[in-house]
Amino acid sequence: MVSSRFFRCAYRSVLALVLCYCVPAFSNGAGDNPDQQAARIVVEHWPPWEIADDEKRQQVTRGYAIEIIAELFSRMSIPLEFQYAPWRRALQLIKTGEVDLLPMVAENQTRAAYMVFTVPVYRDPILLAYSLDTYKHFSWQHWADLSGYEIRAVRGYHYGDNWRDAVQEYGLTVSESATDEQNLKMLDQGRVELTPLLYSNGVSLLKGHGYERIRFAEKPVFTTVLRFGISKKSFLVKRLPEINIHLNTMKRDGTFKRILGALYRPRLRDKH
């Protein structure tokens, strides 16, 4: 088996090519078996978990989720193929079984109809972002407090059952865009007042785009549990117990701490 150090260095140089041509990405021992089926991973630019450095943001070559997946499937001796798709298209590809795994997805009843889910990979609060150019300070305690604000969310994202119920019960004014980046741009321009963001993703986007005037409210909308979602039509379903064992081992042996750095949260290893 190729060493983990070599593996981490090698995959960065080949992954961009893999994403363009959709061929196995890694030589991790499985390549010696021509009958070994590759795991098809659907990705998009979603920092810090999945990062595309190309101009069109369609060639994901790095990110925390990419490193975790690379290590996970190396340990299982399963080759990888990566395919770019925006979020809603990615969900459809999982539903039809055209791909096997979608990284960093929250479990809900709708998705459970066509996905199975791994143990938690990361827990992240969803916070409401606002601009200092609009409000010197923003806070909220109850769902009713959000009535009257122009809120921009992302189509297809799950912000928790309480969020969905509050939108209906209190008539919250929520419109939708395709990406968090679009919403942050509108927030920065004063076109909307609030947008919900996963904290890890939000911090990365703010830093990457230089949005120095945007802040987060302290109270979470929801604390989401991010997992790997596996298509029910995938061969990986039968290997889910093995996948979970490896993920929990990676939490215990320091792999998650090494990859996540400042985002590492030790309590992850104790919650399945």
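Here the structure is a predicted model, which means the values were calculated and not measured. Computed over heavy atoms, backbone and side chain alike; hydrogens, waters and symmetry mates excluded.
- In summary, the aromatic rings of Phe117 and Phe228 are positioned with their centroids too far apart to meet the 6.0 Å limit.
- When ring centroids are compared, Tyr149 and Trp140 stay outside the 6.0 Å threshold.
- Aromatic ring centres of Tyr64 and Trp49 lie closer together than 6.0 Å.
- Tyr114 and Val237 fall within the same hydrophobic cluster, where Ile, Leu, Val, Met, Phe, Trp and Tyr residues are linked whenever their side-chain heavy atoms come under 4.5 Å apart, directly or through other members.
- Looking only at distances, no side-chain donor or acceptor of Arg227 sits under 3.5 Å from a matching main-chain atom of Ala106.
- A donor-acceptor pair is defined here as one N or O able to donate and one able to accept, closer than 3.5 Å; no such pair exists between the side chain of Lys95 and the backbone of Ala90.
- Between the side chains of Thr118 and Asn244, no donor-acceptor pair of N or O atoms lies under 3.5 Å.
- Expressed to the nearest 0.5 Å, how far CZ of Arg155 lies from CD of Glu176 amounts to 6.5 Å.
- Heavy-atom minimum distance, Tyr130 versus Ala217: CE2-N, 3.9 Å.
- Cluster annotation: Met104 and Val225 are assigned to distinct hydrophobic clusters (Ile/Leu/Val/Met/Phe/Trp/Tyr, side-chain heavy-atom contacts under 4.5 Å, transitive).
- If you chain together hydrophobic residues whose side chains sit under 4.5 Å apart, Met76 and Ile245 never meet in one group.
- Side-chain atoms of Asp100 and Ser231 form no donor-acceptor pair, as typed in the model, at a separation below 3.5 Å.
- Contact record, Ala52 with Gln58: CB-N, 3.9 Å, taken as the closest heavy-atom pair.
- Between the side chains of Thr179 and Glu181, no donor N or O sits under 3.5 Å from an acceptor N or O.
- Heavy-atom minimum distance, Ala129 versus Leu197: CB-CD1, 3.9 Å.
- Taking each heavy atom of Asp53 and Ile51 in turn, the nearest pair found is OD1-CG2, 3.7 Å.
- Here the side chain of Asn201 pairs no donor or acceptor atom with the backbone of Leu198 at under 3.5 angstrom.
- The distance between the ring centers of Trp163 and Phe222 does not fall below 6.0 angstrom.
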Carefully, step by step, assess Ile94 and Val105 under the rule side-chain contact (heavy atoms from CB on, under 4.5 Å).
CA-CA 12 Å; Ile94 286 285; Val105 60; over 6 Å; no
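- Put simply, the residue from Asp188, Asp133, Thr134 that forms a side chain to side chain donor-acceptor pair (under 3.5 Å) with Arg213 is Asp133.
- Residues passing the side-chain contact (heavy atoms from CB on, under 4.5 Å) test with Ser175 are Arg152, sequence neighbours excluded.
- In this structure, Ile41 and Leu102 have side chains that are not in contact, with every pair of non-hydrogen atoms separated by 4.5 Å or more.
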